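These figures come from a predicted structure and were not determined experimentally. The chains referred to below are lettered A, B, ... by the order of the sequence lines, with proteins before strands, and numbering in each begins at 1.
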Amino acid sequence: MDIVASFNPSQRQAVETTEGPLLVLAGPGSGKTRVITHRAAYLIRECGINPLCIMVVTFTNKAAREIQDRLGLLLGQQEKGVTLGTFHSICARILRREGKTVGLSPGFVIYDDDDQLSLIKQVLRESNLDAKKYTPRSLLSAISGAKNHLLDTEAYAAQAQSYFEEIVQRVYERYQQLLQRGQAVDFDDLLLKTVDLFNEHPAVLEKYQADYHYVMVDEFQDTNAVQYIFIKQLAAGHRNICVVGDPDQSIYSWRFADIGNIRSFEEDFPGANVVLLEQNYRSTGNILEAASDIIAGNVQRKQNKLWTENEEGVKITVAESLSEAEEAHFVAEEIERLVKEEGMSFKDSAVMYRVNAQSRVPEEIFMRYNIPYRLIGGTRFYHRHEVKDVIAYLRLIHNLQDDLSLLRIINVPVRGVGQRTTQRIQEWAGTKKVSLYDALKQIMNEERSPFNPRITRALTGFVSLIDDLVIESGCLGLPGLIDRVIEKTGYREHLMESEGGESRWENILELREVAAEFSEFEPHEAMVSFLEKVSLVSEVDGLDDEVDAATLITLHQAKGLEFRVVFIIGMEEGLLPHRRAFDSPEEMEEERRLCYVGVTRAKERLYLLRTYCRSFFGTRTANSPSRFLRDISSHLVIKEGSPAGHLKPERIFNSHLVGEDFLDNELTLKIGDYVCHSMFGDGVVVNCFPVRNDYEITVDFKEEGVKKLLFSLAPLEKLEGQEFPVSWR
DNA sequence: CGAAAGGCTCTTTTT
DNA sequence: GAGCCTTTCG
């Protein structure tokens, strides 16, 4: 098979330019993954390069697996040995092997986001800092920022100026201490420590430079400073570095990704070849044109011209509704129709949104319609409370110094060790500078326990429980060990007593299934690999294309995916673009890119939905349509107002989500009515809420904006016979 | 010590 | 409206 057959000239150039630095600017749907895969295959097949010498860095494990699968199809068994993975997994692999040289135990554990936050909270408690004033989230973000700019605690201290930065510095120092004590690293450390390792030990770096003669990076627009340095280090000698990206799809600046890396690439690698992939094979002409309209609103960008030979396709539907429930009804009705009338499958459709919280309403409605769906994100499996509990047991068994895990489970299930007790143990451990586990052991060995007999018994029991499990872990496989943990702690009974115990127990069984995949390793190895896996998997990784179900997914997670039908819900000011971006032009451009990413996921059909009002925090607020809707040329769009007879009324009224908004006869107004106010002019009713013997009416006025009025007092006149206003602003 | 109730903030986005 | 934290009571 000819590897470059059926490629267009640019794609071909990207594949065949094997030597020297190469920058591929690839628009959405331009065959980016295909180019990467075929380039690797070309290196192996046509240039006779040993697969072991090739490294491909991707953004998600799913992308890595996809490339691996395709490579397998292309080359058969030959591809074995290409190093494929995310920055994080590749660095973890390097550190497992080389970490000793920088004082890192090979069995280190990786703390995920939740663990990081708990650690920060612990530091705050210890140092009597107010978690309200300095939120763990903001501190973590500051620390992560420091790490992503290669500032260790000392370097950070040297440049800290504001009071906040001084606080960060203090927390940062203690945070690192605790990580080290627990033989743990966080996500950022994986990269930072690898880069440090390469800096401090040139011989090690040289080894890897020699090993990896060809390096490719996917989603280059979303790399941050450390990641970029990492690949520059690897490529410094041979300069065989190929990066593929699209500045218009850069949506991770909040994770310190820097589009500037694309510009820097041409400076850092003078003479780099640049290939533009501008032909789109994915979307219809209309979808692509709408996408171009949207992204054209960004000033900070190089103009490029995407084009396609695909048909124009059907027009884009912009649908407006009165509530998020109705919005979801619209989506459900439409998916049903597509399946019944257009021969689509459920899995052809995806619903995309800005924030995870938006998934709840469509979920509920889909259940009522019996539309199978899979939810990506939300509370992620490995972040579930019960799953983390079991993982904490495993981590503690694996490493008795892991204070964070010990704290998590010392009283789970409840064994009479309360807050006060743990605090005293922590103080004791703090003064003796030992881990909590060691502290416990020592306290138990003292003549007279400082705790009362009941607590002492509980603590002794806990210590011997862990000791026993440690011994058993030496000979039991992971599933067996998990069984023993559950058995000895009575965790199952504990779960069953809690709400939703049944399904939570099933999560444990699922975790056990995953653990069983490591059965061929020897116990220690299995433990390390398993713990690494649970820290580094992401939600899209498990996305199974075989299941026939509609997908609910955030716009961020949708990057890199494609669907025949895409619904983007919540196209409203404040949501998309998110209100946080309002006062920052840079962030606003990122919102626009995010919207662009969503739109360009669609192959055949695109629906953009917005509602007049939506519950934010229990309170309903009216929103105006997203500015991005306005940017789409009107000839590409068909507008639909969903209340205009599209929905079966009984479905709306049966819905508790909507039902309570429509009130009884006393009230002569309902949501969606067109009204006239003697002072504020014309408007539309967006909410009615009963208060005492009256109703609070929220009206979105054409001129005056949103106002809340009392029904009995407001000089409101209902405008009969008015149609539901499809385009308000 | 722990369960239960009340009060508080909170929403981006995730490897 | 929920999840998390704090307070309160048994």
Side-chain angles (χ1 to χ4, degrees), chain A residues 57-64 85-92 110-114 116-118 121 124-125 131-133 135-138 140-141 144 148 185-191 219 222-224 226-227 250-257 352-361 376-380 382-383 385 411-423 451-452 454-455 458 497-498 532-541 553-559 570 574-582 587 590-591 593-595 597-598 614-620 657:
Chain A
V57 192
T58 58
F59 195 71
T60 60
N61 295 303
K62 181 185 194 303
T86 61
F87 276 105
H88 293 89
S89 67
I90 287 175
C91 286
I110 301 162
Y111 278 180
D112 67 21
D113 196 58
D114 288 347
Q116 289 175 283
L117 281 175
S118 315
K121 284 180 197 157
L124 288 177
R125 232 174 293 132
K132 296 219 171 75
K133 212 161 163 196
T135 63
R137 183 56 67 189
S138 67
L140 183 57
S141 170
S144 177
N148 279 296
V185 297
D186 63 17
F187 284 137
D188 301 318
D189 283 342
L190 285 171
L191 279 138
E219 308 281 11
D222 282 319
T223 52
N224 61 34
V226 196
Q227 290 167 336
S250 164
I251 53 174
Y252 283 94
S253 72
W254 49 274
R255 228 167 67 186
F256 308 102
M352 301 181 185
Y353 36 81
R354 179 65 235 262
V355 301
N356 273 309
Q358 279 172 269
S359 72
R360 211 166 45 236
V361 181
I376 314 294
T379 324
R380 304 199 283 288
Y382 292 105
H383 289 232
H385 198 85
N411 201 29
V412 178
V414 175
R415 50 173 73 88
V417 182
Q419 216 180 8
R420 245 201 88 71
T421 311
T422 41
Q423 201 177 342
F451 299 110
N452 72 41
R454 202 179 51 187
I455 296 172
E497 281 164 23
S498 71
E532 177 167 318
K533 177 180 172 125
V534 300
S535 301
L536 292 183
V537 285
S538 71
E539 198 68 20
V540 274
D541 293 342
I553 193 169
T554 64
L555 288 161
H556 279 90
Q557 293 184 109
K559 191 179 70 162
L575 206 48
L576 184 65
H578 196 273
R579 50 176 53 74
R580 271 184 71 132
F582 282 167
E587 286 182 49
E590 182 144 322
E591 295 294 312
R593 291 193 293 269
L594 191 56
C595 183
V597 166
R614 159 182 315 274
S615 294
F616 263 115
F617 268 135
T619 41
R620 301 186 70 73
L657 284 157

For C/dC5, does either OP1 or OP2 sit under 4.0 Å from a side-chain N or O belonging to A/Lys121? yes
Any A/Gln557 side-chain nitrogen or oxygen under 4.0 Å from OP1 or OP2 of B/dT14: yes
Specify the separation, in whole Å, of atom CG of A/Asp114 and atom C1' of C/dG3. 13 Å
Do A/Asn411 and A/Thr421 have side chains that get closer than 4.5 Å, going by heavy atoms? no
Counting only side-chain heavy atoms from C-beta out, which of B/dT15, B/dT13, C/dG1 sits nearest to A/Trp254? B/dT13
Ignoring hydrogens and angles, tell me if any N or O in the side chain of A/Gln116 forms a donor-acceptor pair with the backbone of A/Leu140 under 3.5 Å. no
What nucleic acid atoms does A/Phe59 come within less than 4.0 Å of, heavy atoms only: base, sugar-phosphate, or nothing? sugar-phosphate
Taking NZ from A/Lys559 and P from B/dT15, how many angstroms apart are they, rounded to a whole number? 10 Å
For B/dT11 versus C/dT6, give the span between their C1' atoms, rounded off to a whole number of Å. 22 Å
Across nucleotides 1-10 of chain B, 5' to 3', mark each nucleotide with B, S or - according to how protein heavy atoms within less than 4.0 Å reach it. SS-------B
Please work out if A/His88 contacts a base, only the sugar-phosphate, or nothing of the nucleic acid, heavy-atom cut-off 4.0 Å. base
Any side-chain heavy-atom pair from A/Glu587 and A/His578 closer than 4.5 angstrom? no
Rounded to the nearest angstrom, tell me the gap between atom CG in A/Leu140 and atom P in B/dT15. 15 Å
Return the value, rounded to whole Å, for the distance between atom CG of A/Asn148 and atom P of B/dT15. 15 Å
Applying ring-ring contact (aromatic ring centres under 6.0 Å, His included) to A/Tyr353 and not counting sequence neighbours gives none
Using Watson-Crick and G-U wobble pairs whose two distances are both under 3.5 Å, how do you write the pairing of DNA chain B as dot-bracket, with | for links to another strand? ||||||||||.....
Considering only side-chain heavy atoms of A/Asp113, which listed nucleotide, B/dT13, B/dT11, B/dT15, is closest? B/dT15
State, with a plain yes or no, whether a side-chain heavy atom of A/Ile110 is found less than 4.5 Å away from one of A/His88. no
Taking only residues two or more places apart in sequence or in another chain, which ones pass salt bridge (charged side-chain N to carboxylate O under 4.0 Å, His left out) with A/Glu219? A/Lys32, A/Lys559
Side chain to side chain contact (heavy atoms under 4.5 Å, CB included) involving A/Ser144 - partner list, sequence neighbours excluded: A/Asn148, A/Asp188, A/Phe256
So what does A/Arg593 touch, heavy atoms closer than 4.0 Å: a base, only the sugar-phosphate, or nothing? nothing
If you only use heavy atoms from C-beta on, which nucleotide in C/dA2, B/dT15, B/dT14 is closest to the side chain of A/Tyr252? B/dT14
For the pair made of CG in A/Leu555 and P in B/dT13, what is the distance, rounded to whole Å? 11 Å
Residues two or more places apart in sequence or in another chain: which of them pass ring-ring contact (aromatic ring centres under 6.0 Å, His included) with A/Tyr252? A/Phe59, A/Trp254, A/His556
Roughly how many Å is it from NE2 in A/His385 to P in C/dA2, rounded to a whole number? 18 Å
Using a cut-off of strictly less than 4.0 Å, decide whether A/Ser535 has a side-chain nitrogen or oxygen near OP1 or OP2 of B/dT15. no
Within the structure provided, determine whether A/His383 and A/Asp112 are in side-chain contact (heavy-atom separation under 4.5 Å). yes
Atom pair distance, as rounded to whole Å: CZ in A/Arg579 and P in B/dT13: 13 Å
Do you know which two heavy atoms are closest between A/Leu575 and A/Gly570, and how far apart they sit? CB-O, 3.8 Å
When you measure from the side-chain N and O atoms of A/Asn61 to the phosphate of B/dT15, is any distance below 4.0 Å, counting only OP1 and OP2? no
Gap between atoms CG and P, on A/Leu594 and B/dT14 respectively (whole Å): 10 Å
